[in-house]
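A, B, ... follow the sequence lines: proteins, then strands. Residue 1 opens every chain.
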Protein chains: 2
Amino acid sequence: MRRLGLYLHTLEKLSRGGEETVSSEELSGRAGTTAAQVRKDLSHFGSFGKRGLGYSVRELERELKEILGVDRSWRVALVGAGRIGSALFEYDGFDARGFDIVTVVDADPTKVGERWGGVEIRDIRELESVLREEAIEIAILAVPADAVQEVLECVTSAGVRGILNFAPAQLRVPEGVSLKDVNLVLEMEALSFSLTNRPQDR
Amino acid sequence: MRRLGLYLHTLEKLSRGGEETVSSEELSGRAGTTAAQVRKDLSHFGSFGKRGLGYSVRELERELKEILGVDRSWRVALVGAGRIGSALFEYDGFDARGFDIVTVVDADPTKVGERWGGVEIRDIRELESVLREEAIEIAILAVPADAVQEVLECVTSAGVRGILNFAPAQLRVPEGVSLKDVNLVLEMEALSFSLTNRPQDR
DNA sequence: AGCTGTGAATATGTTCACAGCG
DNA sequence: CGCTGTGAACATATTCACAGCT
């Protein structure tokens with residue numbers, strides 16, 4: 001559930017602000033949802049609040065991290081060192097949440113061997129073995145759409161079970177593998193749709 | 001409805017492959033949904049198919065473009081010329097769908113005046129006037145989270161009504177403005193959640 | 001006969017409203 | 001008394017199943 005992540009980020013902000021306790025009302029306001037929604041969402045995983053008081057910020061934060069599995073770090077590989085890949089590699093948010101990009105792989109021979117920070121870019125022909133050696137758990141695919149299905153198969157063969165895909169392609173993943181697609185054109189099209197189909201245009 | 005965009009992309013692939021006609025069965029297979037879903041989705045906007053035959057690829061493609069509002073081009077501004085901004089600027093998919101990034105704005109004085117392709121980077125202090133001059137319809141926000149609310153207010157004041165936001169912040173938009181958030185950490189957390197809460201771990 | 005378009009059935013998600021604990 | 005946790009009511013989304021056009 002995506003909202004859990006939102007709650008966690010909100011709690012961390014509250015925590016930095018020195019708040020000790022928070023009500024579902026307050027939390028929902030900051031996360032852009034409703035109080036009932038917050039309570040229902042949390043109640044699926046346990047009873048974390050105190051009636052009459054609210055939730056302990058620190059405690060709920062810890063619980064949510066555990067539920068989301070971000071009370072640990074994850075070994076992540078970046079496949080594709082193009083423009084999107086490089087932006088993702090530099091993106092601080094991943095690091096801050098324990099998603100450690102410990103491997104970068106690319107097909108371009110002029111890039112292979114190059115170093116980004118402490119990470120050497122490896123040849124995509126070694127993809128499967130590199131992923132195994134590095135005990136990668138999550139792969140970020142930032143390769144061209146026409147290459148991504150092949151890369152995906154290799155990645156899943158290597159035992160990776162979480163995939164964040166940026167290529168605009170409909171991927172089929174084996175049972176037991178989680179896939180998240182980020183398709184920016186689809187997002188823009190959704191905006192275009194809203195702007196176009198607005199009855200009360202002024 | 002996000003699936004409409006998916007259908008459109010699928011149709012374009014079929015079209016390039018020379019297909020004349022497609023059934024809801026076929027379309028759903030390629031778009032990763034079900035035949036009934038496709039028919040229901042399309043039926044909200046009209047009757048585009050022929051019974052016993054299916055849908056004309058070319059015709060449905062045209063209809064979907066019109067519904068989504070991508071039968072035209074859009075004037076888009078990129079606010080924030082950092083790593084994510086530059087990756088987005090170079091991203092071909094936007095251009096191909098008629099989302100023309102005609103303006104780039106940044107706060108860094110060393111970047112202002114620089115040219116990316118034919119586009120000069122403008123100073124963020126001129127943001128509102130630049131957006132008006134350029135008749136911008138959609139803004140992509142790739143600025144730091146602590147600056148984004150301020151930028152957003154400026155952007156909406158300038159009459160922009162569609163916003164794609166990459167900053168991890170909960171934004172409040174005025175009535176009549178469409179906002180899409182892309183939060184990559186949330187996506188990764190969702191993956192982490194699936195990997196963590198998988199009962200039948202082998 | 002084949003495949004759409006659609007009401008009806010089902011499933012899923014959200015909001016309401018309140019009992020019950022602190 | 002305040003705020004959570006939760007069943008019940010409501011709303012939305014998906015799937016089923018079939019009548020009806022071509």
Side-chain angles (χ1 to χ4, degrees), chain A residues 1-8 10-11 14 19-64 66-68 170 178 180-181 186 190 193-194 197 199, chain B residues 1-8 10-11 14 19-64 66-68 170 178 181 186 189-190 193-194 197 199:
Chain A
M1 206 150 342
R2 129 174 306 247
R3 282 191 301 262
L4 294 183
L6 255 171
Y7 300 154
L8 176 54
T10 307
L11 287 167
L14 288 168
E19 301 292 323
E20 296 276 320
T21 194
V22 66
S23 66
S24 59
E25 186 66 39
E26 166 108 27
L27 189 51
S28 69
R30 292 176 181 259
T33 174
T34 68
Q37 185 92 79
V38 168
R39 296 201 300 274
K40 187 66 92 175
D41 287 346
L42 296 178
S43 74
H44 281 117
F45 300 96
S47 299
F48 307 123
K50 290 200 185 6
R51 297 180 191 224
L53 240 152
Y55 302 88
S56 150
V57 171
R58 187 168 306 274
E59 210 177 288
L60 186 55
E61 194 180 326
R62 200 174 41 71
E63 293 284 357
L64 282 181
E66 196 180 318
I67 291 164
L68 286 169
Q170 277 320 293
S178 300
K180 278 262 156 197
D181 284 302
L186 249 40
F193 176 77
S194 325
N197 304 67
Chain B
M1 209 157 331
R2 129 175 305 247
R3 282 192 301 262
L4 295 182
L6 256 171
Y7 300 153
L8 175 54
T10 307
L11 287 167
L14 289 167
E19 300 292 323
E20 295 277 318
T21 193
V22 65
S23 67
S24 59
E25 186 66 39
E26 166 108 26
L27 189 50
S28 68
R30 293 176 180 257
T33 174
T34 68
Q37 184 93 79
V38 168
R39 297 202 299 275
K40 188 66 92 176
D41 288 345
L42 296 177
S43 74
H44 281 117
F45 300 95
S47 300
F48 307 122
K50 289 197 185 7
R51 298 180 188 220
L53 241 152
Y55 302 87
S56 150
V57 171
R58 186 169 307 274
E59 209 177 289
L60 186 54
E61 193 180 325
R62 199 175 42 71
E63 292 285 357
L64 282 181
E66 195 180 319
I67 291 165
L68 287 169
Q170 277 319 295
S178 300
D181 284 302
L186 249 39
E189 284 170 352
F193 176 78
S194 325
N197 304 66

In this structure, NZ of A:Lys40 is separated from OG1 of A:Thr33 (nearest 0.5 Å) by 13.0 Å
Within this structure, what is the [atom1]-to-[atom2] distance between [X] and [N], rounded to whole angstrom?
| X | N | atom1 | atom2 | result |
| --- | --- | --- | --- | --- |
| A:Met1 | C:dT12 | CE | P | 13 Å |
| B:Glu25 | C:dT4 | CD | C1' | 13 Å |
| B:Phe48 | D:dT22 | CZ | C1' | 19 Å |
| A:His44 | D:dG7 | NE2 | P | 11 Å |
| A:Phe45 | D:dT4 | CZ | C1' | 17 Å |
| A:Leu27 | D:dC3 | CG | P | 14 Å |
| B:Asp41 | C:dG5 | CG | C1' | 13 Å |
| B:Glu26 | C:dT4 | CD | P | 11 Å |

Starting from the 5' end of DNA chain C, give me the residue, A:Thr33 or B:Gly46, whose nearest nucleotide shows up first. B:Gly46
Kindly indicate whether the side chain of [X] and the base of [N] share any N or O donor-acceptor pair separated by less than 3.5 Å?
| X | N | value |
| --- | --- | --- |
| B:Arg51 | D:dT22 | no |
| B:Arg39 | C:dG5 | yes |
| B:Lys50 | C:dG5 | no |

Under 4.0 Å between a side-chain N/O of [X] and OP1 or OP2 of [N], yes or no?
| X | N | result |
| --- | --- | --- |
| A:Gln37 | C:dG13 | no |
| A:Ser24 | D:dT4 | yes |
| B:Ser23 | C:dC3 | no |
| B:Tyr55 | C:dG5 | yes |
| A:Arg3 | C:dT14 | yes |

Which nucleotide wins on minimum distance to the side chain of A:Ala36, given the candidates D:dG7, C:dC16, C:dT6? C:dC16
Donor-acceptor pair, distance only, cut-off 3.5 Å: does the side chain of A:Thr21 make one with the backbone of A:Tyr55? yes
Examine distances only and state if a side-chain atom of B:Ser194 and a backbone atom of B:Ala190 form a donor-acceptor pair shorter than 3.5 Å. yes
For the residue pair B:Met1 and B:Asp41, what are the closest heavy atoms and their distance? SD-OD1, 3.6 Å
Check the side chains of B:Thr10 and B:Arg30 for a donor-acceptor pair under 3.5 angstrom, ignoring hydrogens and angles. no
